[in-house]
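Scroll down for the structure; my scribbles are underneath it.
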Amino acid sequence: MKSISIILPAKNEAEGLLRTLPALRQLYPHAELIVVDDGSTDSTAEIGRRHGAVVLSSPYSMGNGAAIKRGARAASGEILVFMDADGQHDPAHIQTLLGRLAEGYDMVVGARDSSGQASVHRGLANRFYNWLASRMTGFRILDLTSGFRAARARRFREFLHLLPNGFSYPTTSTMAFFRSAYPVAYVPIPVARRVGNGSHIRPIKDGIRFLLIIFKIATLYSPLKLFAPIAVGFFLLGLGYYGYTFATMHRFTNMSTLLFSASVIIFLIGLISEQITGLTYLAARDGRDAE
């Protein structure tokens, strides 16, 4: 049986850890438990050590993604399990993730239903993110922002340099796995109400950040899927404006020229980006083969 490391990023989650760590230790006595204390001001680190977890503490908060990266680097297991420390994720569901992982997948994600969303607005936003990411990757993504997942350590560490220090590491890792043709599976899971402090996510600021991450990874995934529709949009806008000016003034205006030029430039940028992306992943593959 492959060794398992369970990583819990935690910022002031003492209350949640009191419930989560004993359950994890009972169900997985031989698993490596890692609590990444992200600059907590409560007894998060103390509770982690009391329950036999490896505690990685930082003197100040670096962000959820930074905690994930620190935990993934320190983990010794062949399989990494990531879950929140706030009591939302039931440790008993880890076995479901591991079961699907054993079927040949490189990452398995626990997908929440609508009842598992913190609010109606958060649920609607996540559905939009799922749809947009699905369009970008060409794969159906059921829960782009779920922090409950299991992955093969070797695969996951390939993308540590892509993960943002803040939110959202799930977004980046999911799309990177799809881009590299590493199979990803989803399993439905119920989510309990969080324990202790409120969510650290700021809806507007982090919502914009999620969108930026999606577009950033889309340019790494397949840039033409992002640039080509924009180029076509500028071309059609220029064509429509030219039709209007020709019909009303019998002229080909500078604005039409500008829109057509922008369309060509954007398309060429997409082509160049596509080539750079291919070279980036080719170099990464060669680096893995050389190890």
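The chain is numbered in sequence order, starting from 1. Fair warning: this is a prediction, and the values are worked out from it, not measured in the lab.
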With side chains defined as the heavy atoms from C-beta onward, is the minimum distance between [X] and [Y] less than 4.5 Å?
X	Y	result
Pro190	Asp90	no
Val54	Val35	no
Leu18	His51	yes
Tyr105	Arg152	no

How are the rings of Phe260 and Phe252 set to each other: parallel, tilted or perpendicular (split at 30° and 60°)?
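Aromatic pair Phe260/Phe252 classed parallel.
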Evaluate the ring planes of Tyr241 and Tyr244, with Trp represented by its six-membered ring, and classify them as parallel (under 30°), tilted (30 to 60°) or perpendicular (over 60°).
tilted
Minimum heavy-atom distance between [X] and [Y], given as atom pair plus value:
X	Y	result
Ile141	Asn130	O-CB, 3.3 Å
Ser146	Pro170	O-CB, 3.3 Å
Ile6	Leu8	O-CD1, 3.8 Å
Leu98	Ala150	CD2-CB, 4.4 Å
Val36	Ile7	CG2-CG2, 4.2 Å
Met83	His89	CE-O, 3.5 Å

For residues 63-77, please give each side-chain donor-acceptor pair under 3.5 Å, one per line with the distance, not counting sequence neighbours.
unit_1	atom_1	unit_2	atom_2	d
Lys69	NZ	Leu163	O	3.0
Lys69	NZ	Asn165	OD1	2.8
Arg70	NH2	Ser57	O	3.3
Ser76	OG	Glu32	OE1	3.1
Ser76	OG	Glu32	OE2	3.4

Keeping [X] on the side-chain end and [Y] on the backbone end, is there a donor-acceptor pair under 3.5 Å?
X	Y	answer
Glu78	Lys2	no
Ser40	Asn12	yes
Ser263	Ala231	yes
Arg251	Thr245	no

How far does [atom1] of [X] sit from [atom2] of [Y], to the nearest 0.5 angstrom?
X	Y	atom1	atom2	value
Thr253	Tyr242	OG1	OH	10.0 Å
Thr96	Arg100	OG1	CZ	10.0 Å
Met107	Phe159	CE	CZ	8.5 Å
Arg127	Leu142	CZ	CG	12.0 Å
Leu24	Ile94	CG	CD1	5.0 Å
Met255	Leu237	CE	CG	9.0 Å

Can [Y] be reached from [X] by stepping across I, L, V, M, F, W or Y side chains whose heavy atoms are under 4.5 Å apart?
X	Y	answer
Leu27	Leu97	yes
Phe235	Leu258	no
Tyr28	Leu33	yes
Ile276	Leu271	no
Leu224	Phe234	no

Just checking, is any N or O donor in the side chain of [X] or [Y] under 3.5 Å from an acceptor N or O on the other one?
X	Y	answer
Thr44	Asp37	no
Ser43	Arg50	no
Arg149	Ser173	yes
Thr257	Asn254	no

Surrounding CZ of Arg25 (heavy atoms of other residues, nucleotides or ligands, distance under 6.0 Å), is the total greater than 12?
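Yes, enclosed.
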Around atom CD of Gln26, are there more than 12 heavy atoms from other residues, nucleotides or ligands closer than 6.0 Å?
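At most 12 heavy atoms, drawn from other residues, nucleotides or ligands, come within 6.0 Å of this atom.
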Would you say the ring centroid of Tyr169 lies under 6.0 angstrom from that of Phe82?
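Under 6.0 Å, so yes.
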Can we call the ring centroids of Phe227 and Phe267 under 6.0 Å apart?
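No; Phe267 has its ring centre 6.0 Å or more from that of Phe227.
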Residues Asp38, Ser58; criterion side chain to side chain contact (heavy atoms under 4.5 Å, CB included); working and verdict:
CA-CA 6 Å; Asp38 187 32; Ser58 60; 3.8 Å; yes
With side chain to side chain contact (heavy atoms under 4.5 Å, CB included) as the criterion, how do Val184 and Phe139 come out once you've worked through the C-alpha distance, each side chain's angles and the decisive distance to 0.1 Å?
CA-CA 10 Å; Val184 179; Phe139 296 93; over 6 Å; no
Report the C-alpha distance between Met175 and Leu144 in whole Å, list the side-chain angles of each, state the deciding distance to 0.1 Å, and finish with yes or no for side chain to side chain contact (heavy atoms under 4.5 Å, CB included).
CA-CA 9 Å; Met175 297 183 76; Leu144 186 65; 4.2 Å; yes
Given side chain to side chain contact (heavy atoms under 4.5 Å, CB included), test Arg155 with Phe177 step by step and report yes or no.
CA-CA 8 Å; Arg155 301 299 193 203; Phe177 265 64; 3.7 Å; yes
